[in-house]
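Both counts, for ligands and for their atoms, begin at 1 and track the order of listing.
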Amino acid sequence: MTRIALCGVAGRMGQTLRRLIEQAEDLQLSGGIDREPVSGEAARALGCERILAAAGAAPVILESDVVIDFSAPAALRALLEHGASALAGKALIVGTTGLGPEDEARLDALAQAACVVSAANFSVGVNLLLGLAEQAARVLGDERFDVEIVEAHHRRKVDAPSGTALALANAVARGRAVSLDEVRRDGRSGETGARPTGEIGLHALRGGGVVGEHRVLFLGESERIELVHAAADRSLFAEGALVAARWASGRRAGRYAMTDVLGF
Ligand code: NAD
């Protein structure tokens with residue numbers, strides 16, 4: 001039985017994960033982590049015996065094999081700052097997006113002592129798309145084909161462009177052997193002038209209940225290639241995170257991506 005603690009347990013992804021864990025015979029929810037400590041009926045309504053604050057989560061971590069985090073960057077920071085020693089020898093699955101370079105460095109440091117799997121998107125299809133985007137960018141080059149990445153998400157999403165759109169942009173940049181920071185262009189407005197060769201454009205649409213759509217366009221003078229992924233249900237991401245949790249439980253320390261889990 002793999003014991004799992006959920007960070008962000010009260011959120012949309014947290015509750016989707018909780019339902020899937022309850023249905024799985026080999027998984028057990030060992031506790032919840034969120035903004036405030038919660039106990040009694042209020043905690044049980046969220047599927048937990050108790051919920052601890054991210055800064056005081058060590059007791060729940062110690063009773064778990066894996067911590068799955070779908071929360072917010074501040075929550076992950078608190079978890080890493082106060083729970084790093086409890087996480088040693090365990091596995092941490094990170095789905096939270098909007099992380100900065102300092103957060104990534106903290107995850108690298110934890111990966112000396114724990115198995116860390118992070119992904120901007122836990123769907124099998126999107127991870128396949130990352131490989132296809134890199135390959136297409138390598139084959140097509142940046143002289144004859146311009147790349148624009150368009151993503152759409154529900155109105156409640158707090159970061160833009162999405163972590164997945166950035167991962168796709170990085171995949172294209174890798175395929176072209178350039179650094180994304182040097183060619184990235186977020187949106188266009190006003191007198192932009194002609195499009196510079198090699199630019200990678202990122203565009204975010206927000207509205208309604210869109211679970212997540214990503215489109216990578218390779219635009220040539222007389223032909224165009226589009227790679228598209230549309231998520232129909234958020235349980236897709238939760239299922240992928242649980243595949244990662246099963247894979248990571250008991251695995252040696254290190255920093256892994258979803259492509260390692262899937263064996264791509
Ligand atoms: P949500 O807003 O519904 O839930 C977030 C939860 O985190 C809430 O329960 C909230 O109380 C908690 N939280 C926020 N700040 C906190 C803090 N400082 N300390 C402790 N807890 C805190 O959001 P969601 O839709 O469930 O998404 C959560 C995260 O997962 C986002 O970053 C989202 O982009 C990401 N996400 C990733 C994937 C993926 O496949 N990697 C898929 C979907 C969502």
Hey, does S249 have a side-chain heavy atom less than 4.5 Å from the side chain of R3? no
When you compare the side chains of [X] and [Y], does any donor N or O come within less than 3.5 Å of an acceptor on the partner?
X: R19; Y: S235; answer: no
X: T259; Y: N127; answer: no
X: Q15; Y: R18; answer: yes

Report the relative orientation of the aromatic rings in H214 and H153; use parallel for angles under 30°, tilted for 30 to 60°, perpendicular for over 60°.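 The arrangement is perpendicular - the two ring planes meet at more than 60°.
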Report all protein residues having a heavy-atom distance below 4.0 Å to some atom of ligand 1; order the list by chain, then number.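 Within 4.0 Å of ligand 1, the protein residues are G8, A10, G11, R12, M13, D34, R35, F70, S71, A72, A74, A75, G95, T96, T97, A119, A120, N121, F122, K157, R234, F237.
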hydrophobic_cluster_shared for L80 and F70, side chain cutoff 4.5 Å: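 No: no chain of side-chain contacts under 4.5 Å links F70 to L80.
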